[in-house]
Peer 1: 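Dropping the structure in here first, questions after.
Labels below follow one simple rule: chain letters A, B, ... track the order of the sequence lines, proteins then strands, and each chain is numbered from 1. These values consider heavy atoms only, across backbone and side chains, with no hydrogens, waters or symmetry-generated copies.
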Amino acid sequence: MNGKYITKLGFTNKSIGLALAAAQLREAAGLERSAILDELSKVKADPAGFQSGVYADLVRELLTQQAHTDLHAADALRSAALPYAQFGAALIDQGARDQMNVAMRLPITRAGALMPDAHVGYGLPIGGVLAAENAVIPYGVGVDIGCSMRLSVFAVPADTLKTAEALALLQKHTRFGAGVSFERRERIGHDVLDEAVWDDQPILRRLHDKAADQIGSSGSGNHFAEFGSFTLGQSELGLDAGTYLALLTHSGSRGFGAQVAGHFTKLAESLHPTLHPSAKKLAWLSLDSEEGQAYWQAMNLAGRYALANHEQIHARIAKALGQTPALSAHNSHNLAWKEQVGGSELIVHRKGATPAAAGQLGLIPGSMADPGYLVRGKGHAPSLASASHGAGRQLGRKAAQNTLSKSEVSAYLKDKGVTLLGGGIDEAPQAYKRIQDVIAAQSELVDVLGEFRPKVVRMDSGSEDI
DNA sequence: ATGTCC
């Protein structure tokens, strides 16, 4: 017996030596070469059937090779991207399309869409919608799990609140910045913090106290809390047409959600070592796996926690105003849902995309100095019942800092009559696409019910105020 | 987006 016969049977790498060693033992036991080769080909065809005896080591290696091949095959990208709809394609940069094209080649992907505010992000682009079969992609949801919007409209004229008072209210009742929380004696509890779910996973147990500390806070980056005037075009939702005082907020799941996202992204990447590098940040977790179920539970908890943050922000301010909202609306724009798509249940990821099922209310903000909109979804199938989550960046943070000056941002704010507390140059209105164009590009997706015009805005100071 | 690392 020699290696030539073995390789002819199709054994590779380590299995050649192991097959040869086994063959020599069989030879010593008196078998003919042809009988041995016959046995070896049977072992190769069905290794699981020969797990004990002289072929045990060979079988173990063959099964390891098979597992690796299976993993590779399961992770292989399609040769071509599935088609997907783009809304406002002229507003979308090529980088976002390139990222979407990778996402549409994942073996788990079934459908997708790009919203008009789309721009490059980690993994799935911001403004990307992706429907997957029985799997969830942590970076298809994003770092700020459950990032969301909330609007409170008060049944008083917009000029009821003077700028100085608005500034004082925002200063007193909101907290901005990475790592920040309300002072201990100012903290308020919430049902979400008492859920039994926190005890189900070590990572949740570990993060519970941080979540309790940071509840009701707003964070950093593009998050904001702003007073403004809200104009309802026609009588809707129990409110007469008119212009009112309103509060609009953008916040998320803070450090808690960020750590959940980081943990499960790393886990997903480690479970897909052979995924093509271009899709590394799109590593997924099967919902049939313990890891996938754990992420699903943690993600939904972070989603509820983010909404609780908004509830507290609005409750504090409404109380200070002595008002009860006459109309309120909220939505999550970084989350995944189990939804019916074309007759089957899929996992619909919206990463910077507003759910827009028929009749569903949504909030699409512009920039710190541009209007935001209360919209009603139309359940448009090619968009996977989605809309944009804002205007979308046209300049990255660095590009904004390098190309925009404080004076031109100040001039823009002055022109729009906006007073700003905090806010960095990277959040300048000029860094965003024109919200009017973005709204116009999604007339098939949503109807506009009302327009919010910011007047007094608070954001994180970041490194540099405007 | 997050308080700074895999």
Side-chain angles (χ1 to χ4, degrees), chain A residues 99 117-128 137-150 174-182 203-204 206-225 249-273 275 277 280-281 283 295 298-299 301-303 305-310 313 332-336 349-353 365 367-368 389-393 395-398 400-401 422-427 431-432 458-464:
Chain A
Q99 287 190 313
D117 60 340
H119 55 97
V120 172
Y122 284 116
L124 195 66
I126 318 293
I137 305 169
Y139 261 139
V141 168
V143 174
D144 190 5
I145 300 173
C147 187
S148 39
M149 298 294 307
R150 189 177 179 99
T174 66
R175 292 293 179 275
F176 279 83
V180 305
S181 57
F182 272 91
I203 187 175
L204 299 181
R206 197 168 70 238
L207 291 170
H208 176 271
D209 290 356
K210 180 195 265 296
D213 288 352
Q214 296 189 327
I215 196 163
S217 63
S218 296
S220 60
N222 59 3
H223 289 179
F224 61 76
T249 55
H250 183 204
S251 182
S253 53
R254 310 289 288 102
F256 163 47
Q259 295 216 21
V260 167
H263 171 78
F264 283 99
T265 291
K266 264 179 264 162
L267 187 56
E269 284 183 26
S270 75
L271 291 172
H272 294 275
L275 194 54
K280 192 182 169 203
K281 295 269 177 257
Y295 176 74
M299 178 201 79
L301 180 60
Y305 173 76
L307 294 179
N309 281 340
H310 283 276
I313 297 166
S332 301
H333 54 224
N334 281 12
L335 212 61
H349 303 73
R350 294 189 180 83
K351 185 185 187 185
S367 77
M368 57 167 71
H389 83 310
R393 285 191 166 274
L395 291 178
R397 293 186 182 279
K398 267 186 196 153
Q401 264 152 353
I425 205 94
D426 50 344
E427 286 298 325
Y432 284 88
R458 184 175 186 191
M459 299 187 82
D460 180 30
S461 305
S463 48
E464 208 181 2

Peer 1: Over how many whole Å does the gap from A:N334 atom CG to B:dA1 atom P extend?
Peer 2: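 That distance rounds to 9 Å.
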Peer 1: Between B:dA1 atom C1' and A:H250 atom NE2, what is the distance in whole Å?
Peer 2: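 One finds 10 Å between C1' of B:dA1 and NE2 of A:H250, rounded.
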Peer 1: Within the 4.0 Å heavy-atom criterion, would you say A:A178 contacts the bases, only the backbone, or no part of the nucleic acid?
Peer 2: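 Base, at least one base atom sits under 4.0 Å.
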Peer 1: Whole-Å distance between B:dG3 C1' and A:F176 CZ?
Peer 2: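 A:F176 atom CZ is separated from B:dG3 atom C1' by 17 Å.
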Peer 1: Quick one: does any side-chain atom of A:D117 pair with a main-chain N or O of A:H389 as donor and acceptor, under 3.5 Å?
Peer 2: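 Yes, the answer is positive, given that a donor and an acceptor are paired below the 3.5 Å cut-off.
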Peer 1: Is there a donor-acceptor contact under 3.5 Å linking the side chains of A:H223 and A:S218?
Peer 2: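 Judged by distance alone, the side chains do not pair up.
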Peer 1: Check the phosphate of B:dT2 against A:R254, side-chain N and O only, distance under 4.0 Å to OP1 or OP2. Yes or no?
Peer 2: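 True: A:R254 side-chain N/O within range (under 4.0 Å) of B:dT2 OP1/OP2.
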Peer 1: Decide yes or no for A:R254 and A:V180: does some side-chain heavy atom of the first lie under 4.5 Å from some side-chain heavy atom of the second?
Peer 2: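 Yes; the side chains approach each other to less than 4.5 Å.
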Peer 1: For the pair A:R458 (side chain) and A:T174 (backbone), establish whether a donor and an acceptor sit closer than 3.5 Å, ignoring hydrogens and angles.
Peer 2: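 Indeed, once roles are kept as given, a pair shorter than 3.5 Å links the two residues.
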Peer 1: Whole angstroms only, please: what is the CG-P distance between A:D144 and B:dG3?
Peer 2: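 Rounded to whole Å, this separation is 10 Å.
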Peer 1: Report yes or no: does A:H310 contribute a side-chain atom to a donor-acceptor pair with the main-chain N or O of A:S148 at less than 3.5 Å?
Peer 2: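 Such a contact is found between A:H310 side chain and A:S148 backbone.
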Peer 1: Find the distance A:R175:CZ to B:dT2:C1' and express it as a whole number of Å.
Peer 2: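 Rounding to the nearest Å, CZ of A:R175 and C1' of B:dT2 are 19 Å apart.
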Peer 1: A:K266 side chain: which of B:dG3, B:dC6, B:dA1 is closest?
Peer 2: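 The answer is B:dC6.
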Peer 1: For the pair made of NE2 in A:H223 and P in B:dA1, what is the distance, rounded to whole Å?
Peer 2: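 A:H223 atom NE2 is separated from B:dA1 atom P by 5 Å.
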Peer 1: Does B:dG3 have its OP1 or OP2 closer than 4.0 Å to a side-chain nitrogen or oxygen of A:Q214?
Peer 2: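 Answer yes for this pair, as a side-chain N or O of A:Q214 is under 4.0 Å from OP1 or OP2.
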Peer 1: Figure out the CG/P separation between A:N309 and B:dA1, and round it to whole Å.
Peer 2: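 After rounding, the reported distance stands at 15 Å.
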Peer 1: Quick one: label A:G255 by what it contacts on the DNA or RNA (base, sugar-phosphate, nothing), any heavy atom closer than 4.0 Å.
Peer 2: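 Sugar-phosphate, backbone atoms only, no base.
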Peer 1: Just how far, in rounded Å, is P of B:dA1 from NE2 of A:H263?
Peer 2: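 Spelled out: NE2 on A:H263 to P on B:dA1 is 23 Å.
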Peer 1: Would you indicate, yes or no, if B:dT2 has its OP1 or OP2 atom less than 4.0 angstrom from a side-chain nitrogen or oxygen of A:S220?
Peer 2: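 It does, given that an N or O in the side chain of A:S220 lies less than 4.0 Å from OP1 or OP2 of B:dT2.
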